[in-house]
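Everything below concerns the one structure shown next.
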Protein chains: 2
Amino acid sequence: MSQMQNVERQLREMILGLEIGPGERLTERWIESRFGASRTPVRAALLRLETEGLIGRDGRGWTVAPINLAELGQIAVYREVVEVAAVRLTAALEDRSGVEVIAAMLDSCDADTPREEWHRVGMDFHIELARLSGNEFLLRAVRDAMTRLSRARWLEVRDEAALGRAWAEHHAILAAVRKGDADEAARLLSAHIAGSRDRLVTSLHEDRRGLRARGFAVVAA
Amino acid sequence: MSQMQNVERQLREMILGLEIGPGERLTERWIESRFGASRTPVRAALLRLETEGLIGRDGRGWTVAPINLAELGQIAVYREVVEVAAVRLTAALEDRSGVEVIAAMLDSCDADTPREEWHRVGMDFHIELARLSGNEFLLRAVRDAMTRLSRARWLEVRDEAALGRAWAEHHAILAAVRKGDADEAARLLSAHIAGSRDRLVTSLHEDRRGLRARGFAVVAA
DNA sequence: GATACCATTTTGGGATACCAAATCGGTATC
DNA sequence: GATACCGATTTGGTATCCCAAAATGGTATC
């Protein structure tokens with residue numbers, strides 16, 4: 001793999017894994033030495049991550065995107081729009097066998113599965129569901145929204161019950177799609193996203209002091 | 001303005017203005033000499049334009065994105081979803097005075113206005129309408145869709161009547177938003193986008209020989 | 001102690017050199 | 001005429017150098 005893709009992937013993982021905190025400054029030279037690449041691939045990676053919304057410009061320099069509660073609310077609106085549209089398209093397909101693959105993916109998680117894996121599968125559910133629609137742009141939109149939500153969801157304080165409830169809601173959505181009931185699928189998905197948003201924003205808002213204590217920049221709603 | 005933004009802007013204009021044809025190969029060295037910049041800003045511009053979907057990779061090299069009829073259909077679905085959502089949000093706002101600014105923009109076009117300006121205002125209508133929603137992601141989605149549609153709309157064979165009809169439909173949509181009638185605004189906008197898509201795809205499909213004769217790569221639906 | 005000022009360092013933007021791989025041209029072979 | 005082959009050229013990927021602007025840090029001044 002090329003250095004450029006390498007730097008991009010590793011840097012993205014460090015940002016999403018909160019090894020580099022939201023709001024932290026980045027210098028091209030630091031990244032260069034950190035990953036053993038020269039500035040050319042580093043700059044390419046930075047440009048890509050900027051379009052993903054994971055980093056932004058701070059005057060002349062680079063900054064890891066802060067946790068922005070207002071933005072999280074807007075993303076929730078956005079993803080509801082595109083995810084509901086995608087699931088409606090999918091429910092209207094003749095061949096809806098793709099839902100079984102997603103159901104199997106959900107079922108691959110059990111009580112022994114590490115939290116990190118639950119986290120990943122929870123995002124992949126939405127991405128793969130959007131992929132079934134066959135519309136590249138809806139898929140891209142959902143993937144983009146999930147990327148931007150990723151860090152916040154990781155910071156969210158979630159109990160076991162919340163994970164189980166999300167798992168059940170995911171299965172219920174799949175069942176509606178399997179039946180070809182677009183309205184029910186849309187209704188369940190809307191409710192799922194709204195609930196997810198509420199818990200997320202509430203959790204982060206209540207814990208914003210703790211987040212700031214960890215050195216994370218948090219922008220209020 | 002920095003060289004990077006300069007190269008990016010000029011190259012984008014050449015691609016959107018069809019001075020560089022769809023499907024054409026691009027080399028970093030040619031761009032370098034064409035715009036009098038070195039490869040560093042050229043590569044930055046290429047990376048940006050790639051995320052806009054105006055250029056893509058062809059193996060190791062760069063290619064101007066072809067006219068893709070299947071993609072145009074998918075974009076139409078995508079933009080209907082996000083534009084309708086945005087206009088519904090806007091219609092539900094208390095302060096909908098922003099529509100007057102857009103109405104004035106439409107009215108700035110008359111019989112003497114050059115075709116190029118009609119083209120630009122036609123796109124800006126949809127972008128500015130999405131902006132009124134206040135949702136950055138819906139706005140970005142519409143802007144992105146418009147950028148990707150831009151060349152195709154420019155190639156479309158449009159008569160005077162089509163321009164006038166679009167103008168009237170735009171005003172009708174604004175009137176519904178002004179009234180706060182979200183359902184009617186959504187219905188009108190949906191019909192407008194569907195009609196726009198049909199005329200666009202039909203026109204390009206019928207003229208695909210002519211397009212290929214001009215050296216433009218056209219991917220069938 | 002706060003602040004204005006200046007020398008130093010650091011930083012991102014840009015230019016250029018180098019390399020391996022891919023492409024291109026021409027030639028020999030069938 | 002088609003094709004396989006090979007050397008020359010071109011190309012994107014990378015590393016490195018230079019520069020002006022911005023950040024930094026120490027110092028003198030009030």
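In the text below, chain A, chain B and the rest are named by the order of the sequence lines, each starting its count at 1. What you are looking at is a predicted structure, and each value in this text was computed from that prediction instead of being measured.
Salt-bridge annotation for A:Glu52 and A:Arg12: present, with a side-chain N of the basic residue lying under 4.0 Å from a carboxylate O of the acidic one. Between B:Glu156 and B:Arg153 no salt bridge is recorded (no basic side-chain N to carboxylate O distance below 4.0 Å).
As the counterpart of C:dG26, D:dC5 is assigned, both hydrogen-bonding distances of the Watson-Crick or G-U wobble pattern falling under 3.5 Å.
Separating the CG atom of A:Asn6 from the P atom of D:dA15 is a distance of 11 Å, rounded to the nearest angstrom. Rounded to an integer number of Å, the gap from CD1 of B:Ile31 to P of D:dT10 is 17 Å. Computed from coordinates, the A:Phe35 CZ to D:dA15 C1' distance equals 18 Å when rounded to whole Å.
Judged by distance alone, the side chains of B:Ser133 and B:Asn135 never bring a donor and an acceptor atom under 3.5 Å apart. Using modelled atom types, one finds no donor on one side chain facing an acceptor on the other under 3.5 Å when comparing B:Asp144 with B:Thr147.
For CD of A:Glu116, the number of neighbouring non-hydrogen atoms (other residues, nucleotides, ligands) closer than 6.0 Å is 12 at most.
The aromatic rings of A:His170 and A:His192 sit perpendicular to each other, their planes meeting at more than 60°, with 30° as the lower class boundary.
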Inset, instruction - Starting at the 5' end of nucleotides 12-20 of chain C, put B wherever the base has a protein heavy atom under 4.0 Å, S where only the sugar-phosphate does, and a dash everywhere else. - result: BBBBBBB--
